[in-house]
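Report on one structure; see the data block that follows.
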There are 2 protein chains.
Amino acid sequence: MLTIGKLGEAAGVKVPTIRYYEQIGLLPEAERSAGNQRLYSRKAMERLAFIRHARDLGFTLEAIRDLLSLSDRPDQSCAAADAIAKAQLAEVESRLARLTALKAELERMVVQCAGGKIADCRVIEVLGDHSLCATDHRHPEIEATQ
Amino acid sequence: MLTIGKLGEAAGVKVPTIRYYEQIGLLPEAERSAGNQRLYSRKAMERLAFIRHARDLGFTLEAIRDLLSLSDRPDQSCAAADAIAKAQLAEVESRLARLTALKAELERMVVQCAGGKIADCRVIEVLGDHSLCATDHRHPEIEATQ
DNA sequence: CCTAATGTCTCTAGCAACTATAGCTTCAAG
DNA sequence: CTTGAAGCTATAGTTGCTAGAGACATTAGG
Ligand SMILES: [Zn+2]
Ligand SMILES: [Zn+2]
Ligand SMILES: [Zn+2]
Ligand SMILES: [Zn+2]
């Protein structure tokens, strides 16, 4: 059995994050030692590694919750799991498309500015006027931080 | 003079967001009508459009705060503004690189799954074991000090 | 065995950048 | 003059953690 610190080290997850996952019910309540400290089994470690890996691949905690409960029922069809993965792929692709447009616009701004006074700065000028942009990079939703 | 609703419509920003920007000091306190409703000038509209456009390009509110205060001093050098834009470009490029790796991994997962039971699902299997991944897509923990 | 240094406990609050709700007041159209 | 939309303030919720305070547990050294 591992203490929370050892578990975090082993799975590459910070200790408060583990407690947070337990708090929101993503990890089951841990066993406790005589002194009330959390103890984890190898199984718990695998579950945490799964979560961590899915987070690294950009899945939301909500999606991970679903994936975990699916993985607990091995004889069911995997269609739901595949659908979650496909949705995540679509999400990543749409973010990629948007970021690609952003990159082009930012490059244009940076390249076009000759340096000098703010009054003549192409960066400031373009930020004030989207019609100076080459692409329509606007999007109702602004990208999630990731 | 525009009401907050008209301003929001004109600039493509939701009304609560405008009030939020005022609250955090990104927009100055608006003039008020006799009945205490906010009124905006064309100048305020331009400022809001600037903010919105910069947000659309992924700049943080903190960066926008700096850009706005720079744009208020037209005879200063634009080096600082250019630096902010370059930093944003670098940020976008790094996110692009990460998302590209993620996309590849997700595609691999989705393609490799033949469908069937959860027990044989490649999606679940890969999520549980990063060593099945082709790339090292994991989150960088340390900021590059360049 | 004692002590000091970690590690862990709970609880609360904070981060970005909004968004939503509740319970009012004001305004504009009919 | 009435009604319904739009505005006001204030508070809380969102996502996924992260940081702190103050108390208790465990472990390594002397
Ligand atoms: Zn410039
Ligand atoms: Zn633009
Ligand atoms: Zn599958
Ligand atoms: Zn992986």
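Computed from heavy atoms alone, side chains included, the values below leave out hydrogens, waters and symmetry copies. Naming convention: chains lettered A, B, ... in sequence-line order (proteins, then strands); numbering from 1 in each chain.
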### Query
From the list dG16(D), dT19(C), dT8(C), which nucleotide is the closest neighbour of the side chain of Tyr20(B)?
dT19(C)
### Task
Starting from C1' on dA5(D), measure out to CD on Glu9(B) and report it in whole angstrom.
13 Å
### Query
Can you check the Ile24(B) CD1 to dG14(C) C1' distance for me, whole Å?
15 Å
### Query
dC24(D) phosphate, OP1 or OP2: any side-chain N/O from Arg32(A) under 4.0 angstrom?
no
### Message
Expressed as a whole number of angstroms, how long is the span from Leu2(A):CG to dG7(C):P?
### Response
15 Å
### Query
Nearest to the side chain of Arg38(B), which nucleotide is it out of dC17(D), dT8(C), dT9(D)?
dT9(D)
### Message
Let's see if you can work this out: which of dC27(C), dC17(D), dT8(C) has an atom nearest to the side-chain heavy atoms of Gln37(B)?
### Response
dC27(C)
#### Entry: Side-chain N or O of Tyr21(A) closer than 4.0 Å to phosphate OP1/OP2 of dC17(D)
yes
### Message
From CD of Glu62(B) over to C1' of dA16(C), roughly how many Å is that when rounded to an integer?
### Response
11 Å
### Query
Out of dT18(D), dC18(C), dT10(C), which nucleotide sits closest to the side chain of Thr17(B)?
dC18(C)
#### Entry: Whole-Å distance separating the CD atom of Glu22(B) from the C1' atom of dC18(C)
16 Å
### Query
Are any of the side-chain nitrogens in Glu22(A) or Arg19(A) under 4.0 Å away from the carboxylate oxygens of its partner?
no
### Query
Of all the choices, dC27(C), dT10(C), dA17(C), which nucleotide is nearest to the side chain of Thr60(B) once you look at every atom?
dA17(C)
### Task
Answer with base, sugar-phosphate or nothing: what part of the nucleic acid does Arg19(A) contact at a heavy-atom distance below 4.0 Å?
base
### Arg38(B) with Glu29(B): basic N within carboxylate O range, under 4.0 Å
no
#### Entry: Check ion pair Asp56(B)-Arg52(B) (N to O, under 4.0 angstrom)
yes
### Message
Among dA17(C), dT19(C), dC27(C), which nucleotide has an atom closest to any side-chain atom of Ser33(B)?
### Response
dC27(C)
### Query
When the distance from CZ of Arg65(B) to P of dA17(C) is rounded to whole Å, what number comes out?
10 Å
### Query
Between dA17(C), dT18(D), dC8(D), which nucleotide has the shortest distance from any of its atoms to the side chain of Asn36(B)?
dC8(D)
### Query
To the nearest angstrom, how far is Ile4(B) atom CD1 from dT26(C) atom C1'?
14 Å
### Message
Applying side chain to side chain contact (heavy atoms under 4.5 Å, CB included) to Arg47(B) and Asp72(B), what does each step give before you reach the verdict?
### Response
CA-CA 11 Å; Arg47(B) 196 171 175 96; Asp72(B) 286 340; 3.5 Å; yes
### Message
With a 4.0 Å cutoff (strictly under), does any side-chain N or O of Lys14(A) reach OP1 or OP2 of dT18(D)?
### Response
yes
### Task
Identify whether any heavy atom of Phe59(B) sits under 4.0 Å from a base atom; if not, whether one sits that close to sugar-phosphate; answer base, sugar-phosphate or nothing.
nothing
### Residue met sooner reading DNA chain C from 5', once Ala34(B) and Gln23(A) are mapped to nucleotides
Gln23(A)
### Query
Between Gly35(A) and Gly5(B), who's closer to the 5' end of DNA chain D by nearest nucleotide?
Gly5(B)
### Query
Got a sec: does the CD of Glu46(A) have more than 12 other heavy atoms crowding it under 6.0 Å?
yes
### Query
Is Glu62(A) salt-bridged to Arg65(A), going by a charged N under 4.0 Å from an acidic O?
yes
### Task
Figure out the CD1/P separation between Ile18(B) and dG7(D), and round it to whole Å.
9 Å
